[in-house]
Amino acid sequence: MSPSTTTPNQEENQSSPLTEARTDSLNILFAMDPEKLTDPDIARIVENLRESRKLWQNKQQEKDLKETKPKAVKAKKPDLSAKSAAELLDFLSDS
Amino acid sequence: MPPSNSSFHPTIPGLQIAWDSTSLGAFKTCPRKYQLSIIEGWTPRRTSVHLIFGLHYHKALERYDHSRSLGVDHEQATIDAVRQALSDTWERPEDQSRGGPWLSDDQYKNRSTLVRTIVWYLDHFSEDPVQTVQLANGKPAVELSFRFASDFTTQTGEPFVICGHLDRLGEYNGHTYVLDRKTTKSPISPHWFSEFTPHNQFSLYCFAAKVIYQHEVKGLIVDGAQIAVGFSRFERAIIPRTESQLEEWWKELGMTLKLAEYYAHMGHWPMNDTACGNYGGCPFREVCSKPPGIREQWLNGMFTKRAWDPLQIRGDI
């Protein structure tokens, strides 16, 4: 098996399970001879694709929100190196 | 022997009289590529997926524009466009058997991403601020095939003809624009749009719109569609063309046509060996890399023939 390759926007290009589920439900209509498709059949395809667009848009909005949310400033961790611990002990014993 | 072609001079072999943006673009890129693809009509045995996808995409949206111009509402016009795409991508064998869908091995450009892109595009621009221009004859300016005799002539006095096909003329903020749609796999950025200036096809379209429809055209409105595996994303940009830019393009067209006539009289179209790697590589690169004496064998093995006749077919996407 060859190693998988990546593309610059691979994450964006991967379809979500939800999108895949919608695609599955479209497969029957897509596999039909178009001459046999009625307008309501095609309207179902259109509706399905509109729903998948909404799902994608919602996912994008969530992603955009996450990206724009300011990150909490982390409190500085106490310096517990051996050197600073020894200095602290010296200070305490002097006082 | 090249296939018969009404766009060429009847007695001077290789002298093209009717030019569209595809043949002009091929000639400007590389005279040898032009000789092989346009004059001799060689085409790869396997058509590029980008070309197939682009043609279906244009045709379906053209169907939408057409339905809308007849007063059909957005919902029904969308159904018409999807039906067009599904029918066009259903391959019917000559024996009248059921046939089957167009099978693309490209994960980005295939039948399902095509239909998705059409529906998403039409919804994205359902409240389009660009209004279709009404022509002087009262008809909406959609699906416009054009041809006009230029003031450039051959040495024997025949005028060169310029021809092509415009999707739509639109009005936005009181100005007229040529509308065009392009697809790409890459994310659409200002850099992507910047590649349309200078741009042979778009300059020709703007010039033609001015000449044929007597509208002062400010440029183009380009709707770019990024086709990814799980989504299609759209961006729109105005690509301006000033009067002086178009005049310059036209003047240089005259020089290009003179050069094409010269090569036809010489019966020789030289290679532009600095263009072989453009856009993922010229399809004729492998042929041109062989010694001249054996190129015909390679052409016969790798390509098939069809006539590129701008007066008969629509080629621009």
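We use all heavy atoms of the structure for the numbers below, so side chains are in, but hydrogens, waters and symmetry mates are not. Each chain gets a letter, A, B and so on, in the order the sequences are listed, and its residues count up from 1.
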Inset, instruction - For residues A:Glu35 and B:Arg92, report the shortest heavy-atom separation together with the two atoms involved. - result: CG-NH2, 3.4 Å

Inset, instruction - Over all heavy atoms of both residues, which pair between B:Ile79 and A:Ala43 is shortest? Give the atoms and the distance, please. - result: CD1-CB, 3.9 Å

Inset, instruction - Could you tell me which non-hydrogen atom of B:Arg83 sits nearest to which non-hydrogen atom of A:Asp39, and how far apart they are? - result: NH2-OD1, 2.9 Å

Inset, instruction - Have a look at A:Val46 and tell me which of B:Asp123, B:Leu122, B:Val119 forms a side chain to side chain contact (heavy atoms under 4.5 Å, CB included) with it. - result: B:Val119

Legend entry - Heavy-atom neighbours of B:Phe193 CZ exceed 12 at 6.0 Å: yes

Legend entry - Atom CD of B:Glu127 with >12 non-hydrogen neighbours under 6.0 angstrom: no

Inset, instruction - Find the distance between CZ (B:Arg233) and CD (A:Gln57) and round it off to the nearest 0.5 Å. - result: 10.5 Å

Legend entry - Nearest-0.5 Å distance that lies between atom CG in A:Leu49 and atom OG in B:Ser112: 9.0 Å

Legend entry - Straight-line distance of B:Trp90 CH2 to A:Met32 CE, nearest 0.5 Å: 9.0 Å

Inset, instruction - May I ask you to check whether over 12 heavy atoms, not counting those of B:Arg45, lie within 6.0 Å of atom CZ? - result: yes

Inset, instruction - Tell me, out of B:Thr78, B:Asp80, B:Val82, B:Val115, who's got the most heavy-atom pairs with chain A below 4.5 Å. - result: B:Val115

Inset, instruction - Nearest 0.5 Å please: distance from the CG atom of A:Leu37 over to the OG atom of B:Ser87. - result: 8.0 Å

Legend entry - Distance-minimising heavy-atom pair for A:Ser52 and B:Trp120: OG-CZ2, 3.5 Å

